[in-house]
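Owing to the predicted nature of the structure, the values given are computational and were not obtained by experimental measurement. Lettering follows sequence order; numbering is per chain, from 1.
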Protein chains: 2
Amino acid sequence: MIRLGKLADYGLVLMTHIARNHDRLLHTARDLALESRLPLPTVSKLLKELLQGGLLVSHRGIKGGYSLARKPREISVAEIIAVLEGPIALTECSTDISGLCDLEPCCPIKNNQRIISQAVSGALDKVMLSDLNQPLHLTTIRNARGNLVPAIGFVSGRMQ
Amino acid sequence: MIRLGKLADYGLVLMTHIARNHDRLLHTARDLALESRLPLPTVSKLLKELLQGGLLVSHRGIKGGYSLARKPREISVAEIIAVLEGPIALTECSTDISGLCDLEPCCPIKNNQRIISQAVSGALDKVMLSDLNQPLHLTTIRNARGNLVPAIGFVSGRMQ
DNA sequence: TTAAATAGTACTAATTTGGTACACTTTAAT
DNA sequence: ATTAAAGTGTACCAAATTAGTACTATTTAA
């Protein structure tokens with residue numbers, strides 16, 4: 001399974017929550033922890049990282065809190081994941097940093113792995129935070145080979 | 001970083017190698033280990049799993065070995081990963097198996113997470129094993145927002 | 001019959017990840 | 001000025017996952 005760490009998952013939860021309630025100016029770590037049912041230390045840690053990643057802005061001191069640095073439709077899922085888990089890459093080989101792989105000078109599939117990574121990151125670049133707020137509904141259909149493939153559509157009601 | 005385990009990475013290496021040399025009828029675990037510079041026990045383990053996943057066929061006994069179950073252009077990277085690491089899903093919530101998440105009955109972003117997972121798996125469904133053999137070349141260009149995005153093109157020479 | 005190969009199971013070690021604790025800084029309200 | 005509520009930074013520990021290895025059984029061409 002291609003895995004996204006729990007922390008990145010939580011981060012998506014928090015960002016979605018802030019985006020969904022963007023009428024509220026500031027969100028404190030405490031409130032977000034309560035509302036998302038996540039432990040406060042973890043929430044604090046995540047908000048800190050999202051701040052450092054430039055996805056949130058903060059106000060310190062009493063009556064402080066966090067809010068989105070940009071509009072929900074201008075923040076991609078890829079960015080959120082990149083901030084919390086580093087650049088999206090499936091293997092060390094596929095990052096831009098050299099010297100991590102001892103086979104590097106002669107590795108014949110290095111570029112191919114990059115292609116795979118970029119396919120993933122390209123897909124996640126297109127999913128914006130605002131998309132996560134919309135009541136999208138996922139169904140599956142069968143393609144020519146008989147495999148189940150996803151189909152995304154809108155539903156009329158607001159999901160809870 | 002969205003991570004693919006080392007073993008799945010190795011698996012891609014092995015599959016690519018077999019696809020590249022599909023003129024050779026059978027590939028023994030020993031040969032593949034030598035050629036890929038991977039430890040034999042690990043290679044054996046992977047080939048076994050790829051066999052059980054229906055991606056390889058095997059011939060037992062002396063003069064035995066493995067070969068592809070289908071043509072390289074009919075095996076997707078998504079399938080290989082799914083065989084080695086289970087169904088592609090970024091979090092437990094996004095698999096089809098219910099009951100893994102205690103927030104499930106009221107989790108407002110469950111479907112959204114599915115969408116994210118499907119974006120990834122949809123992207124990897126389109127990358128076939130045969131694509132990994134082609135001398136594709138990856139470059140980056142800047143998009144409207146000034147971010148680097150991937151661009152894939154063909155190169156004239158065969159890379160080694 | 002033998003040797004070379006795959007097939008299956010179980011275990012151990014290493015790494016990564018998740019989570020927590022604690023001390024420091026900032027700032028609105030009193 | 002003081003206080004209390006909030007964010008900020010660092011360091012550390014525990015748990016879960018993953019990687020890797022060893023060993024045994026089975027199959028089959030020569």
Side-chain angles (χ1 to χ4, degrees), chain A residues 1-14 18 24-34 36-67 69 81 83-86 89-92 100-101, chain B residues 1-14 18 24-34 36-67 69 81 83-86 89-92 100-101:
Chain A
M1 184 192 308
I2 289 187
R3 254 187 86 252
L4 189 64
K6 269 192 191 179
L7 290 176
D9 186 18
Y10 295 166
L12 286 168
V13 172
L14 294 174
I18 298 174
R24 203 192 309 170
L25 271 317
L26 292 175
H27 298 256
T28 68
R30 191 169 170 278
D31 288 347
L32 288 169
L34 251 39
S36 61
R37 303 205 214 165
L38 260 22
L40 176 57
T42 301
V43 170
S44 291
K45 187 182 192 175
L46 288 169
L47 292 172
K48 201 187 310 172
E49 289 171 19
L50 291 166
L51 172 74
Q52 291 170 337
L55 265 29
L56 294 176
V57 290
S58 68
H59 293 279
R60 296 174 67 148
I62 196 168
K63 296 276 179 187
Y66 295 92
S67 56
I81 293 173
V83 163
L84 295 177
E85 308 220 322
L90 297 181
T91 63
E92 279 130 4
L100 288 172
C101 172
Chain B
M1 185 192 308
I2 288 187
R3 256 187 84 253
L4 190 64
K6 270 193 192 177
L7 291 175
D9 188 17
Y10 296 166
L12 286 168
V13 172
L14 294 174
I18 298 174
R24 202 191 308 170
L25 270 318
L26 291 175
H27 299 255
T28 68
R30 191 170 168 277
D31 288 347
L32 288 169
L34 251 39
S36 61
R37 304 205 214 165
L38 260 22
L40 177 57
T42 301
V43 170
S44 292
K45 188 182 189 175
L46 287 169
L47 292 172
K48 201 186 311 170
E49 288 172 19
L50 291 166
L51 172 75
Q52 290 171 338
L55 265 28
L56 293 176
V57 290
S58 70
H59 293 278
R60 297 175 67 148
I62 198 169
K63 296 276 180 187
Y66 295 91
S67 57
I81 294 173
V83 163
L84 295 176
E85 309 220 323
L90 297 181
T91 63
E92 279 132 3
L100 290 171
C101 172

(message) Expressed as a whole number of angstroms, how long is the span from A/H59:NE2 to C/dA29:P?
(response) 14 Å

(message) Could you report the tightest heavy-atom contact between A/L51 and A/L56, atom names first, then the distance?
(response) CD1-O, 3.4 Å

(request) State which of C/dA7, C/dT27, D/dT8 makes the closest approach to the side chain of A/I62. (result) C/dT27

Could you run down the sub-3.5 Å N/O contacts of the protein with nucleotides 11-13 of chain D?
none

(request) For A/L32 and D/dA6, give me the distance from atom CG to atom C1', rounded to whole Å. (result) 13 Å

(request) Check B/E49 against B/V83 and note the closest heavy-atom contact, atom names and distance. (result) O-CG1, 3.3 Å

(message) I need the CG-P distance between B/L51 and C/dA5, as an integer number of Å.
(response) 17 Å

(request) Report the distance from atom CG of B/L7 to atom P of C/dA13, rounded to the nearest whole Å. (result) 18 Å

(message) Within the 4.0 Å heavy-atom criterion, would you say A/E49 contacts the bases, only the backbone, or no part of the nucleic acid?
(response) nothing

(message) For D/dA6 and A/Y66 - does any side-chain N or O of the residue sit under 4.0 Å from the phosphate oxygens OP1/OP2?
(response) no

(message) Give me the atom names and distance for the closest heavy-atom approach of A/S36 to A/L14.
(response) OG-CD2, 3.8 Å

(request) Look at A/S58 and D/dT8 and indicate whether a side-chain polar atom (N or O) is within less than 4.0 Å of OP1 or OP2. (result) yes

(message) Within the 4.5 Å heavy-atom criterion, are B/L46 and B/L38 side-chain neighbours or not?
(response) no

(request) Quick one: label A/L47 by what it contacts on the DNA or RNA (base, sugar-phosphate, nothing), any heavy atom closer than 4.0 Å. (result) nothing

(message) Please report the distance, rounded to the nearest Å, between CG in B/D9 and P in D/dA19.
(response) 10 Å

(message) Ignoring hydrogens, what is the shortest heavy-atom contact between B/S44 and B/A29? Give both atom names and the distance.
(response) OG-CB, 3.8 Å

(message) For the CG atom of A/L47 and the CG atom of A/L32, what is their distance to the nearest 0.5 Å?
(response) 5.5 Å

(request) Among D/dG20, D/dG7, C/dA7, find the nucleotide with the atom closest to the side chain of A/T28. (result) D/dG7

(message) Expressed as a whole number of angstroms, how long is the span from B/L34:CG to C/dA5:P?
(response) 11 Å

(request) Please state how far atom CG in A/L26 lies from atom C1' in D/dA5, giving the value in whole angstrom units. (result) 13 Å

(request) Check the distance between C/dT16's P and A/K6's NZ and give it to me in whole angstrom. (result) 19 Å

(request) Taking the side chain as every heavy atom from C-beta outward, state whether B/L7 and B/L84 have any pair of such atoms under 4.5 Å apart. (result) no

(request) Please figure out whether A/A8 or A/K48 has its closest DNA chain C nucleotide nearer the 5' end. (result) A/A8

(message) For D/dG9 and A/Q52 - does any side-chain N or O of the residue sit under 4.0 Å from the phosphate oxygens OP1/OP2?
(response) yes

(message) Regarding C/dT25, can its base be found pairing with the side chain of A/R60 as donor and acceptor, where the two atoms are less than 3.5 Å apart?
(response) yes

